[in-house]
Structures are given as C-alpha cells and as structure tokens.
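What you see is a predicted model, and the numbers here were worked out from it, not measured in a lab.
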Amino acid sequence: MDPDAGGSSSSPPPPSATSGAGAETKEEERGSQQVVLVLVGPPGSGKSTFAEAVVGGSTAGRPWVRVCQDTIGNGKAGTKIQCLKAASDALKEGKSVLIDRCNLEREQRADFVKLGGTLHTDVHAISLDLPAKVCISRAVSRKGHEGNLQGGKAALVVNRMLQKKETPLLTEGFSRIMCCNDDGDIKKAVDLYNGLGPSDSLPSGVFGQKSKKPVQVGIMKFLKKADTSSVETSSGPKLALTEIKPAQQNPLPKQENVEAGFACPMEVEKGLNDKMENEEHAKEIDYCDVGSRTLAFPSISTADFQFDLDRASDVIVDTAFKFLQKFDNIRLVLVDLSEKSRILSLVKQKAAKKSIDSNRFFTYVGDITQLHTKGGLQCSVIANAANWRLKPGGGGVNAAIYNAAGESLQHATKKCADALRPGTSVVVPLPSTSPLHQREGVTHVIHVLGPNMNPMRPDYLKNDYTRGSKILCEAYNSLFESFASIVQSYMGKQNNESGAEKSASGGTSPNDTKMKREDSHGSERMKKHKLFQPIMTSKQQHECTKVNGPKCHADAMTSSAVPSQTRQVDNKRNDVVTRKTWGSWAQSLYELAMNPEKYKNSDSILETSDEYIVLKDLYPKAKRHILVISRMDGLDSLADVKKEHLPLLRRMHSAGVKWAQKFLEEDAALEFRLGYHSVPSMRQLHLHIVSQDFNSASLKNKKHWNSFTTSFFRDSVDVIEEIEQNGSTTTSSDEKILAMELRCHRCRSAHPNIPKLKSHIAICKSSFPSHLLQKNRLLSSTMHMDRK
C-alpha cells in the first residue's frame with residue numbers, strides 16, 4: 001500500500017485516473033466524481049488566489065466554479081444561503097465547486113459538507129495554515145479587496161477570527177483534508193487540483209497536518225509588540241496598530257460577524273488567552289466525544305470467507321440504514337485497504353441511492369489499525385472480522401488487529417469468550433496497556449463472525465445465500481447493537497462526570513454526591529452501570545439476543561461496560577421494580593441453555609437434559625466447580641423464581657448432589673456447597689456446586705471470595721425452603737457485602753490479601769460454622785446427602 005494513502009504527508013499522492021474502455025465502468029462504480037472543495041483560512045491566507053488559480057488553471061478538463069461570499073450578491077458581499085444555492089446549482093450542472101469563504105468554524109462548514117453529502121459528491125477541505133504574521137501583513141497591505149477588508153482594521157479582524165478557528169476533521173464529513181503550511185504547500189495543492197480530471201479521485205485521509213493543537217496559539221505574542229512596531233501599508237506610511245481610528249473602520253462583510261468597535265489587543269490579551277485555553281479544552285473533549293461515537297469496521301465475510309460482494313454490499317447498506325434511523329449521534333465507517341476496493345465502491349453507490357447521510361455513514365481507504373495516526377480519523381471502537389476460535393493469525397484484518405493490539409487483546413478476549421458462532425459478536429474492552437489503545441485511542445474491539453462460503457473453512461454453507469445473507473445480516477446487527485451499547489455507556493459516564501462537576505461547583509448536596517458516587521462507583525458487576533433506554537424492544541430482546549459460546553465464566557467479576565439488554569424484574573415482596581442490565585458477554589449461559597445443540601462437541605458440557613445443563617465453570621474458584629443451568633426461558637436469576645418453579649429447582653439440586661457425589665468418590669477429602677448468587681453476573685438461573693478448598697488461580701480478589709463465603713451466596717436448600725413457604729426468595733444486592741474484609745470461611749480469622757488468605761486456608765483445620773453443618777448445606781463423604 002502506498003504509505004501516503006490515508007496518511008499524513010506534505011506531498012499527497014497523485015489522483016487515480018481511469019482511461020480507455022474501463023473508465024466508464026469504473027466511474028459508474030464510484031458514482032459522481034464531482035468535488036466540493038471547502039477552503040479554510042483567515043483573511044490574507046490566500047483563499048481567493050488559490051480558488052482563481054484552480055478555476056483558471058485546470059488542465060485536465062474538470063469544470064470548476066468558484067463560490068465567493070464577498071462577491072455573491074451581484075459583485076458585493078452576500079450571505080451563506082446565497083453561497084449554498086450557487087454551489088447547489090453548479091453541482092447539479094455537473095461542475096465541481098470551490099467554496100471561497102473563511103469557514104474557520106465547524107458550524108460554518110457544516111452546511112457545505114451536508115450539501116455535498118446530499119448530492120453524493122466528495123467533500124474535501126484545504127486548510128490554509130499560514131503563520132499569523134503572514135496573514136496579517138497581507139490583509140493590511142492589500143488594496144481593492146473584494147470584501148473591503150484591508151488596512152489597519154484587518155489585523156484585528158484576522159486576530160479575532162483565528163481565536164475561533166477549529167481545525168477541520170474527517171469526522172465532520174470530509175473525505176479528504178489537505179493542510180498547507182507555506183506557499184510551497186499551496187502550490188502543490190493547486191497543481192494537484194489543476195491536474196484532477198473529470199473521472200479522477202483522490203485518496204481519503206489527512207495530508208500535511210503538522211500538529212493537532214489549535215492553530216496560531218501564539219498569535220498574541222506577535223500582536224503584543226504592535227504598540228512599538230509598525231506594519232507597512234502599500235502606500236508607504238507606517239500605521240501602528242494602537243493608532244487605529246474609528247473613522248478608518250469600514251463596514252465588514254457580513255460573514256465575519258465582527259462588532260463595529262474593537263478593543264486594543266493588549267487590553268483583551270488576558271481574556272483572549274483564557275478563552276483560547278477553554279476553547280482548546282472544549283475542542284479536545286469534542287474530538288474525543290466524536291471518536292467515541294464512531295465505529296470503524298471492515299467488510300465481514302467477503303475476504304477469506306468469499307461471500308459475494310454484491311450481496312454483501314446490499315446487507316451492509318440495509319443494516320446500516322436501519323440502524324442509523326434509530327440513533328442520531330452515531331457514525332459508521334466502512335474501511336478497506338485498497339483504493340480500488342469493489343466493496344467500497346458498491347457500498348458507496350448503494351448508500352447514495354438510499355440517500356444515507358454521508359456525514360454519518362461513509363467509506364474510508366486505509367489501515368483500520370492506523371486510522372488516527374495516518375488518517376486523522378478518531379475511532380474509539382473498531383470491529384474485527386474474527387475467526388470462530390477468536391485467535392490471532394489467518395491474515396487480513398484479524399491478523400492486523402491482533403498484531404497492532406499486542407498480547408493484551410488476546411488476554412482480554414480470552415476473558416470474554418473462547419469461541420464465536422456465525423452471526424454473532426463479542427465486545428472486548430481493550431486494556432490501556434495495549435499499543436493500539438495508546439497510539440490510536442481504541443478502547444474497544446468488537447469481534448464479529450459472519451457466514452462462510454469458502455469450502456476450505458469451517459461452517460461452509462455450500463453457496464446457500466438465503467441462509468448466508470440472513471447470517472450476515474445478523475452479524476452486522478449484532479455488531480451495530482454492541483457498538484450502540486458502548487456509546488450509551490460512554491454517554492452515561494459523561495453524564496455522571498457532569499454530575500460530579502456540578503456537585504463540585506456547589507450544585508449538588510454532599511449527600512447527593514455520596515449517593516451518586518456509590519451508585520456509579522467502578523464496580524466490576526454490570527448492574528453498577530448507569531442504565532439507558534434499551535436498544536431493542538422486550539420482544540426483540542428474547543428473539544434477537546446476540547451472544548457467543550459458553551466460555552464466559554459465570555462469576556467473572558470484571559466489568560464489560562457494555563450494557564446490551566435491559567430486563568425489568570418485578571420484586572413483589574419488596575413492592576419495588578428494579579432493572580437488571582445484562583452485558584453482551586453475560587448472555588453466554590442463556591445462549592447455551594437455549595441452543596445446547598450448537599455446543600454439543602464442547603468438553604465443558606457434562607450433562608444435558610430437557611430442563612437443565614451441567615457445565616464446568618471455565619474460571620473455577622476451587623478444585624471442583626460446576627454449574628447446573630436452567631433451560632427455562634425468562635428465568636434469569638433468583639429474582640424471577642416463583643413457587644411454580646419448585647419442581648425445576650429440586651431437580652437442579654438433585655443433579656448438583658449427584659455430581660458432588662461423583663467428585664467425592666474421586667477425592668473423599670473434598671467438601672461441597674450448592675447455592676446461588678443473590679445477584680448473578682451472568683444471565684440465566686444457575687446453581688453453583690463448588691468445593692470448599694478454594695484452591696484455584698481463578699480466585700483472585702475480594703469479590704470472588706465474598707461472593708461464595710458470605711450471605712451473598714444463598715444455599716440451595718434454603719432457597720427451596722423459602723420458596724415453599726413464601727412463594728419467592730429474598731436476595732441481597734448490597735455491594736458492601738462483596739467489599740467486606742477477607743475472612744476464613746472456617747475459623748473466621750481476618751487476612752489482608754488473597755495470597756495470605758489462601759495460605760491460611762491450606763492449613764486451617766477448624767470446623768465449619770455450625771449453620772453450614774445443618775440441613776445438608778455442606779456435603780462431604782461422611783454426610784448423608786438429601787437430594788430434595
């Protein structure tokens with residue numbers, strides 16, 4: 001790949017041209033080749049000179065029209081609306097357009113970017129980033145300016161306008177941005193567009209950008225000396241900036257939006273510097289915010305899995321169109337390495353036919369692992385076209401993402417899942433230690449698996465495109481829904497932070513602050529995350545749950561930060577309605593219970609019946625740790641259990657006792673408890689059968705320990721008895737229980753950390769607390785076991 005394609009360079013690559021018989025076909029694939037070229041720069045930066053040079057010097061036959069606000073009103077200054085109409089008319093005539101106005105703020109550029117998207121043209125930006133000294137000197141010395149901005153007043157206007165400048169970004173909707181830092185850069189840009197033929201296109205990306213910081217931060221250092229230095233005018237006399245008289249101030253063009261009166265630069269220096277600092281901070285926040293709402297994804301199944309490109313492009317456009325209708329603040333970017341990518345051409349063409357907003361769904365040529373450093377495109381979330389084993393290698397996007405992210409992605413993925421079925425996705429929070437996180441700002445990778453049409457790969461569909469298209473649609477829907485969950489979680493975090501700031505400024509009482517802090521504390525359980533509107537309807541939640549295999553450990557206390565479903569649970573005993581949020585990673589047991597036939601070859605499944613499944617916990621907290629999982633849909637946790645479920649609970653208990661006996665025959669020294677977590681971290685009611693040695697490397701922290709040795713763990717016999725008597729069971733959701741000090745489950749001695757606790761447990765010979773020795777709560781080889 002050309003190193004400059006989509007990357008930063010002061011010397012951009014030449015346009016790709018088409019010729020001969022293939023030109024017409026290629027042009028049809030790409031759609032319209034018109035360009036809206038938005039010039040960005042203060043007065044004196046050379047916008048009009050640039051525009052005239054391109055319009056008058058085009059050597060490749062591309063027709064250009066210059067739209068200048070200074071002259072749009074019959075040779076006089078006009079309005080932005082007039083500029084938009086003139087640009088629209090020119091584009092409809094098949095011409096490309098140069099927007100010659102300052103366009104320093106994002107808001108000023110937005111309407112022109114939207115116009116280009118509506119008419120399905122490429123939208124480029126030329127940012128004229130010349131030094132402030134040069135711009136001021138030119139603006140002051142020029143005569144006969146079309147907008148009458150010249151002489152002494154021009155210096156203050158340039159100064160004021162530069163304070164408001166916002167560097168153009170790809171996320172605004174530009175497909176290409178070129179930054180010119182001196183006259184040499186400007187000449188290269190002019191030559192580039194002069195040589196752009198009617199059917200030529202230019203690579204996407206940001207070119208020539210030297211710094212991400214706001215431009216011209218140091219301009220006040222130059223203006224501060226203005227009272228002792230002078231600027232030469234074209235007529236010869238010297239005019240000090242502090243000697244500007246009201247009589248010399250001519251009316252300014254309307255778009256400059258500058259007041260009639262000006263303050264001396266030295267008097268406003270402090271205020272302007274403070275304002276610049278605040279604006280710079282706001283820009284950084286906005287930049288990150290846009291990146292957190294942008295998903296970059298490759299085409300799924302069209303490379304190694306050989307899915308038909310035309311059918312794949314239909315699925316991509318249809319699913320993106322429906323998804324974007326549900327969310328207003330999300331952007332989707334389809335990425336491919338090749339400039340000549342047919343999938344990008346097809347998607348772009350079909351998206352245009354559907355009139356999808358090109359600011360919210362667009363294609364990008366470049367490396368998905370270098371979007372920020374090479375293309376200036378900030379994407380906090382990227383998708384990976386994964387293999388079913390979720391392993392590195394295999395070439396293509398999968399290998400590139402694993403290589404760029406380093407071993408931390410492998411470890412993080414392993415914590416979430418070890419397999420993926422076609423049509424599903426899994427969200428993996430990327431550790432901050434990952435090179436991909438540090439260099440590109442990627443916080444999440446979403447692994448997604450599509451259908452396979454390659455006979456040399458697993459799950460070959462034998463060219464059944466009816467089934468394949470359905471699976472591909474499910475894959476993209478799962479991907480987009482998972483991304484929406486991440487965005488909603490991010491927005492909630494921002495809201496929490498805003499609330500904290502409000503409290504700090506005195507807007508919230510200390511008690512309120514404490515409650516918010518406790519509610520939003522970075523707990524490792526999903527239920528601690530702020531809840532948002534569900535992505536799917538309650539009916540869809542049961543029909544369209546997107547999850548992966550049974551790898552996810554039932555008691556993984558690590559936070560996913562990706563709430564993908566919200567289910568309302570009615571606790572009648574307490575007369576309250578609570579909500580439980582299940583992250584996408586927390587759906588694995590549910591998926592297994594509903595579709596066990598898909599995992600029949602798994603070594604983790606010990607037993608399957610019509611009512612339950614017995615599964616090894618793949619992150620066991622002891623030598624022996626298994627789960628008995630209910631297969632009844634809608635029975636997510638103890639909060640859902642009622643009297644009519646008693647027969648099922650008894651059979652689950654009996655199954656647990658049977659397996660405990662089997663383990664005791666193998667090792668008579670073991671002792672077991674059977675029970676449920678009050679608030680489980682995984683969806684689908686499941687009973688734990690766990691040996692009391694707790695000798696396992698997977699038992700790592702206080703929450704792991706306390707979830708099995710405190711009142712948070714409800715013994716199966718007690719649950720059954722309570723439901724028999726009351727019709728439901730009491731559960732404790734108090735997080736303080738999980739944060740209690742570490743105490744031995746036998747002698748109740750306290751210990752400072754897990755290693756010391758484990759060392760003590762290994763030698764502790766004390767008897768278990770008396771209540772565990774009653775009602776068969778503790779099972780051992782010496783005790784009679786009631787199977788209920």
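- Contact check on D70 versus K47 returns no salt bridge, with no Lys/Arg side-chain nitrogen under 4.0 Å from an Asp/Glu carboxylate oxygen.
- Between L436 and L409 there is no side-chain heavy-atom pair separated by less than 4.5 Å.
- With a 6.0 Å cutoff to the six-membered ring centre and a 45° limit on the axis angle, R176 counts as a cation-pi contact of F207.
- Residues that satisfy the side chain to side chain donor-acceptor pair (under 3.5 Å) test with R360, not counting sequence neighbours, are absent from this structure.
- Salt bridge present: R109 and E172 bring a charged side-chain N and a carboxylate O closer than 4.0 Å.
- Not less than 6.0 angstrom separates the ring centroid of F361 from the ring centroid of F321.
- The shortest side-chain heavy-atom distance between S432 and Q438 does not fall under the 4.5 Å cut-off.
- Contact of the D357 side chain with the L324 side chain is not registered, since no non-hydrogen atoms from C-beta on lie closer than 4.5 Å.
- R66 and D100 are joined by a salt bridge, as a carboxylate oxygen and a charged side-chain nitrogen come within less than 4.0 angstrom of each other.
- Between L430 and T443 there is no side-chain heavy-atom pair separated by less than 4.5 Å.
- A salt bridge is absent between D336 and R342: the closest approach of a Lys/Arg side-chain nitrogen to an acidic carboxylate oxygen does not fall below 4.0 angstrom.
- Put simply, the side chain of V158 reaches to within 4.5 Å of the side chain of C135, judged on heavy atoms.
- For K187, the side chain to side chain donor-acceptor pair (under 3.5 Å) partners two or more places apart in sequence, or in a different chain, are D191.
- The aromatic rings of Y193 and F50 sit perpendicular to each other, their planes meeting at more than 60°, with 30° as the lower class boundary.
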Under 3.5 Å, side-chain donor or acceptor atoms of residues 83-91 against the rest of the protein: list the pairs with distances, not counting sequence neighbours.
{"residue": "K85", "atom": "NZ", "partner": "D89", "partner atom": "OD2", "Å": "3.0"}

Give every donor-acceptor pair under 3.5 Å between a side-chain atom in residues 37-46 and any protein atom, sequence neighbours left out.
{"residue": "S45", "atom": "OG", "partner": "P42", "partner atom": "O", "Å": "2.7"}

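- Qualifying side chain to side chain donor-acceptor pair (under 3.5 Å) partners for N398, counting only residues two or more places apart in sequence or in other chains: N384.
- Applying the side chain to side chain donor-acceptor pair (under 3.5 Å) rule to K80 yields the partners D111; only residues at least two apart in sequence or on another chain are considered.
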